[in-house]
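Proteins come first, then strands; the chains are lettered A, B, ... in the order of their sequence lines, and each starts at number 1.
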Protein chains: 2
Amino acid sequence: MSEFKPLDPLLHSQLRLAVMSLLIAVEEAEFTFLKEKTESTAGNLSVQLDKLEKAGYISIEKSFRGKRPLTTCKITSKGLQAFEDYVENLKKYIQ
Amino acid sequence: MSEFKPLDPLLHSQLRLAVMSLLIAVEEAEFTFLKEKTESTAGNLSVQLDKLEKAGYISIEKSFRGKRPLTTCKITSKGLQAFEDYVENLKKYIQ
DNA sequence: ATAAATAGGTTTACAATATAAACCATTTTA
DNA sequence: TAAAATGGTTTATATTGTAAACCTATTTAT
């Protein structure tokens with residue numbers, strides 16, 4: 001697409017885009033925080049976080065808070081760049 | 001999604017969004033024009049135009065130019081409204 | 001002490017979507 | 001008149017998105 005540049009399919013997804021949007025704002029977020037803010041199911045969120053991590057767009061750290069598992073996510077510089085590029089491209093679709 | 005409102009799945013698709021974007025600009029476009037501008041295959045475009053028409057977002061008129069079939073598309077007021085809503089919602093994802 | 005509920009997820013099965021390949025009818029060109 | 005081009009549609013396949021089912025451990029209720 002000449003004037004319509006391809007939209008990164010990893011970001012052109014409602015839930016993944018919402019996650020990235022949140023991570024840009026807070027720079028570090030727990031799984032449960034993302035789940036609440038996006039109103040997604042845990043299963044769906046888990047899958048989408050995996051994809052973002054595999055793309056190198058976020059990093060995921062697994063630890064414990066007290067005795068409970070804790071999953072923490074951060075956006076990477078690659079992820080930030082991808083997001084910015086995505087937004088730039090998207091703008092040409094929506095004026 | 002509370003702060004992230006659902007994105008109309010009919011519009012949250014690269015090719016359909018590009019088509020709508022074009023139709024907003026020109027207000028009437030031929031199949032081949034859309035095909036060239038979006039750099040899509042005819043098959044894919046045909047399918048996506050059908051979906052937009054079934055949603056009532058565009059109207060499709062079939063006629064002949066000389067002896068050749070001619071498919072012409074227009075955006076409807078419903079389509080325009082849906083596009084505007086989509087953009088409004090999308091903005092909250094991308095700041 | 002034990003059962004039930006909650007927390008914090010992951011895995012998996014299925015439905016929906018996107019896409020290109022194959023196809024079709026007609027027309028034009030060689 | 002055979003081959004190529006036009007203007008698409010249909011269909012098969014691959015990819016994706018999503019929720020249901022599941023899992024392990026912890027906390028609460030009885």
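If you measure from atom CG of B/Leu45 to atom P of C/dA20, you get 12 Å, rounded to the nearest angstrom. Remark: P of D/dT15 and NZ of A/Lys51 are 12 Å apart, rounded to the nearest angstrom. As a whole-Å value, the separation of A/Leu49 CG from C/dG8 P is 15 Å. Rounding to whole angstrom units, CG of residue B/Leu7 and P of D/dT18 are separated by 10 Å. Spacing between atom CD of B/Glu61 and atom P of D/dG7 amounts to 17 Å, rounded to whole angstrom units. Computed from coordinates, the A/Leu52 CG to D/dG17 C1' distance equals 13 Å when rounded to whole Å. In this structure, CD of B/Gln14 is placed 12 Å from C1' of C/dT19, rounded to the nearest angstrom. C/dA18 atom P lies 13 Å from atom CG of B/Asp50, rounded to whole Å.
A residue-by-residue look at A/Lys67 and A/His12 shows that A/His12 has its nearest nucleotide of DNA chain D further toward the 5' end. Both A/Pro69 and A/Asn44 sit near DNA chain C, but only A/Pro69 has its closest nucleotide nearer the 5' end.
Across all strands, B/Arg65 comes closer than 4.0 Å to no nucleic acid atom at all (heavy-atom distances). Note on A/Leu70: only backbone sugar-phosphate atoms sit closer than 4.0 angstrom, heavy atoms only; bases stay farther off. Using a 4.0 Å heavy-atom criterion, one finds that A/Ser46 contacts the bases of the nucleic acid, with or without backbone contacts as well.
Of the candidates C/dG9, D/dG8, D/dT6, D/dG8 carries the atom nearest the B/Ala42 side chain, counting heavy atoms from C-beta on. Distances from the side chain of B/Lys62 to the nucleotides D/dG8, D/dT18, D/dT16 place D/dG8 closest. Checking C/dA18, D/dG17, D/dG8 against the side-chain heavy atoms of A/Gln48 singles out D/dG17 as nearest. Among the nucleotides C/dT17, C/dG8, C/dT27, the one closest to the side chain of A/Arg68 is C/dG8. If you check C/dT19, D/dG8, D/dG17 against the side chain of B/Thr32, the one that comes closest is D/dG8.
At C/dT19, none of the side-chain N or O atoms of B/Thr41 fall inside 4.0 Å of OP1 or OP2 (strictly under the cut-off).
Annotation: side chain of A/Phe4 is not in contact with side chain of B/Glu39 (no heavy-atom distance under 4.5 Å). Side-chain contact between A/Thr38 and A/Gln14 is absent, with no heavy atoms from C-beta onward closer than 4.5 Å.
Enclosure of atom CD in B/Glu61 is not indicated, since only 12 or fewer non-hydrogen atoms of other residues, nucleotides or ligands lie within 6.0 angstrom.
Checked against A/Leu34 for a side-chain contact (heavy atoms from CB on, under 4.5 Å), the options A/Leu23, A/Thr71, A/Leu15 give a single hit: A/Leu23. Each of A/Leu22, A/Val26, A/Thr32 was evaluated against A/Lys37; a single residue qualifies, A/Leu22, per the side-chain contact (heavy atoms from CB on, under 4.5 Å) test.
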